[in-house]
There are 2 protein chains.
Amino acid sequence: MTRYEKKIYEIINSSYDHMTAEDVFAELKKAFPSVSLATVYNNLNKLCDTGLIRRISCGDSADRYDRTARHDHLVCRKCGKLADITFDDITQPLKSRLGEDFLYYDLKVYYICPECRKKG
Amino acid sequence: MTRYEKKIYEIINSSYDHMTAEDVFAELKKAFPSVSLATVYNNLNKLCDTGLIRRISCGDSADRYDRTARHDHLVCRKCGKLADITFDDITQPLKSRLGEDFLYYDLKVYYICPECRKKG
DNA sequence: TAATAATATTAGAATAATTCTAAATTTAAG
DNA sequence: CTTAAATTTAGAATTATTCTAATATTATTA
């Protein structure tokens with residue numbers, strides 16, 4: 001692991017935000033002012049490939065990156081905002097169906113967030 | 001519903017592929033040769049907003065569109081290919097936790113597909 | 001009908017996220 | 001050290017999608 005890869009991993013894993021590549025770039029610059037955006041993308045891709053972080057694609061904007069510690073996501077269908085939530089772990093039924101090929105799962109639950117609910 | 005919206009809805013709902021906007025465009029052109037790509041995007045967005053179809057964002061390429069009939073997805077983490085699968089419906093626990101704000105959920109299960117497994 | 005308003009479509013420009021390229025730098029290995 | 005391999009870099013290129021503003025279609029009402 002290079003210093004950049006390591007630091008990016010730390011940034012993602014110590015954050016409860018759902019950071020975009022630009023967010024990570026801004027954060028990484030604090031430690032390494034001369035780092036380039038391409039390096040951020042390179043390392044985010046590498047970390048996703050090795051399964052150390054995960055990508056959350058929501059369609060309407062830039063991809064976000066998240067720690068892998070088991071949790072699910074709420075997505076507001078009005079404003080698109082993401083929130084963490086943890087539902088019961090459903091690994092077992094998936095694993096028993098897919099066997100060793102199973103890696104992990106990603107559960108997004110769509111809802112109307114409190115703010116949007118208020119606005120009507 | 002306009003003729004385009006209606007036809008796009010039909011295309012998505014009668015397909016078991018996971019079509020991109022370009023795929024839909026190509027298909028729609030068979031019925032309406034002069035239609036434009038912007039119309040496809042407009043109507044795909046409208047159909048997603050009203051919940052008549054759903055968007056599947058996988059991060060590494062263009063968004064895909066899918067019928068809403070209850071089913072889940074397998075995603076190969078090597079090649080990214082999508083496949084349909086249906087696991088037990090977990091609506092109830094989600095609904096009992098979120099109440100009326102709950103809309104629907106989207107479950108992606110990551111695995112290594114048979115082809116990539118073969119290649120090693 | 002005809003007139004008006006509202007909505008949808010269009011082509012192409014604009015934008016934004018991400019990847020690519022090829023050179024330069026850093027790290028690792030012999 | 002020297003060489004090879006991997007990483008980083010800046011900026012160009014690509015790609016998906018949205019935006020714009022003009023045109024066409026559809027719906028509404030007189």
Side-chain angles (χ1 to χ4, degrees), chain A residues 1-12 15 17-50 52-66 75 77-82, chain B residues 1-12 15 17-66 75 77-82 108:
Chain A
M1 254 202 188
T2 68
R3 63 206 166 128
Y4 294 134
E5 192 177 358
K6 203 173 151 193
K7 184 71 183 171
I8 290 173
Y9 173 75
E10 281 168 22
I11 289 170
I12 298 293
S15 162
D17 295 338
H18 302 99
M19 302 176 91
T20 64
E22 287 284 355
D23 293 336
V24 174
F25 183 43
E27 194 60 30
L28 189 61
K29 265 188 179 163
K30 292 181 188 169
F32 304 102
S34 70
V35 75
S36 89
L37 182 57
T39 297
V40 172
Y41 274 105
N42 287 345
N43 283 297
L44 285 172
N45 285 336
K46 207 185 300 178
L47 287 164
C48 285
D49 287 350
T50 54
L52 287 171
I53 63 173
R54 58 171 150 165
R55 195 193 320 269
I56 320 174
S57 296
C58 271
D60 47 351
S61 64
D63 286 350
R64 288 160 186 285
Y65 297 88
D66 202 0
V75 189
R77 219 194 50 188
K78 283 241 167 108
C79 67
K81 216 186 301 157
L82 275 175
Chain B
M1 254 201 188
T2 67
R3 62 205 167 132
Y4 293 134
E5 193 178 357
K6 202 172 152 194
K7 185 71 184 172
I8 289 173
Y9 173 76
E10 281 169 22
I11 289 169
I12 298 293
S15 164
D17 295 339
H18 302 99
M19 303 177 92
T20 64
E22 286 285 355
D23 293 337
V24 173
F25 183 44
E27 193 61 30
L28 188 63
K29 264 187 177 162
K30 291 181 188 167
F32 303 102
S34 70
V35 75
S36 90
L37 182 57
T39 297
V40 172
Y41 275 105
N42 287 344
N43 283 297
L44 286 171
N45 285 337
K46 206 184 300 179
L47 288 163
C48 284
D49 288 349
T50 54
L52 287 170
I53 64 173
R54 59 172 151 167
R55 192 193 321 271
I56 319 175
S57 296
C58 272
D60 48 349
S61 64
D63 287 349
R64 288 162 186 283
Y65 297 89
D66 201 0
V75 189
R77 219 194 50 190
K78 284 242 167 106
C79 68
K81 216 185 302 155
L82 276 176
K108 283 198 197 101

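Scope of the values below: all heavy atoms of this structure, side chains included, with no hydrogens, waters or symmetry mates. Chain naming here is simple, since letters A, B, ... match the order of the sequence lines and numbering starts at 1 in each.
Atom CG of L44(A) and atom C1' of dT8(D) are 14 Å apart (whole Å). Atom NZ of K7(A) and atom C1' of dT8(D) are 18 Å apart (whole Å). Atom pair K6(B):NZ and dT7(C):C1' shows a separation of 18 Å (rounding to whole Å applied). In this structure, NZ of K29(B) is placed 16 Å from P of dT9(C), rounded to the nearest angstrom. For I8(B) and dT9(C), the CD1 to P distance is 8 Å, given to the nearest whole Å. Between F32(B) atom CZ and dT10(C) atom C1' there is a gap of 15 Å when expressed in whole angstrom units. Between N43(B) atom CG and dT25(D) atom C1' the separation is 14 Å, expressed in whole Å.
Taking all atoms of both residues into account, the shortest heavy-atom contact from A21(B) to Y65(B) is N-CE1, 4.2 Å. Closest heavy-atom contact between V75(B) and G80(B): CG1-O, 4.0 Å.
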Footprint string (nucleotides 14-23 of chain C, 5' to 3'): B base within contact, S backbone only, - free, heavy atoms under 4.0 Å: ---SSBB---
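For the pair E10(B) and K7(B), the minimum side-chain heavy-atom distance is below 4.5 Å. Two residues are said to be in side-chain contact when any heavy atoms from C-beta on lie closer than 4.5 Å; T2(A) and N43(A) meet this criterion. By the 4.5 Å heavy-atom criterion applied to side chains, R55(B) and L44(B) are not counted as neighbours.
Regarding contacts with the backbone of dT9(D), a side-chain N or O of S36(A) is found under 4.0 angstrom from either OP1 or OP2. OP1 or OP2 of dT9(C) has at least one side-chain nitrogen or oxygen of T2(B) nearer than 4.0 Å. Put simply, Y4(B) has no side-chain N or O that comes within less than 4.0 Å of OP1 or OP2 on dT26(D).
If you check every strand for non-hydrogen atoms under 4.0 Å, T39(A) touches a base.
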Checking T20(B) against F25(B) for the side-chain contact (heavy atoms from CB on, under 4.5 Å) test, could you report, in this order, the C-alpha distance in whole Å, the side-chain angles of both residues, the deciding distance, and whether it holds? CA-CA 9 Å; T20(B) 64; F25(B) 183 44; over 6 Å; no
Pull out every protein N or O sitting under 3.5 Å from an N or O of nucleotides 24-30 of chain C, one pair per line with the distance.
none

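Of the possible polar contacts, one joining the T50(A) side chain to the L47(A) backbone as a donor-acceptor pair under 3.5 Å is found. The backbone N or O of K46(B) lies less than 3.5 Å from no partner atom in the side chain of D49(B), so there is not a single donor-acceptor pair.
Side-chain contact, N42(A) with T39(A): no donor N or O sits under 3.5 Å from an acceptor N or O.
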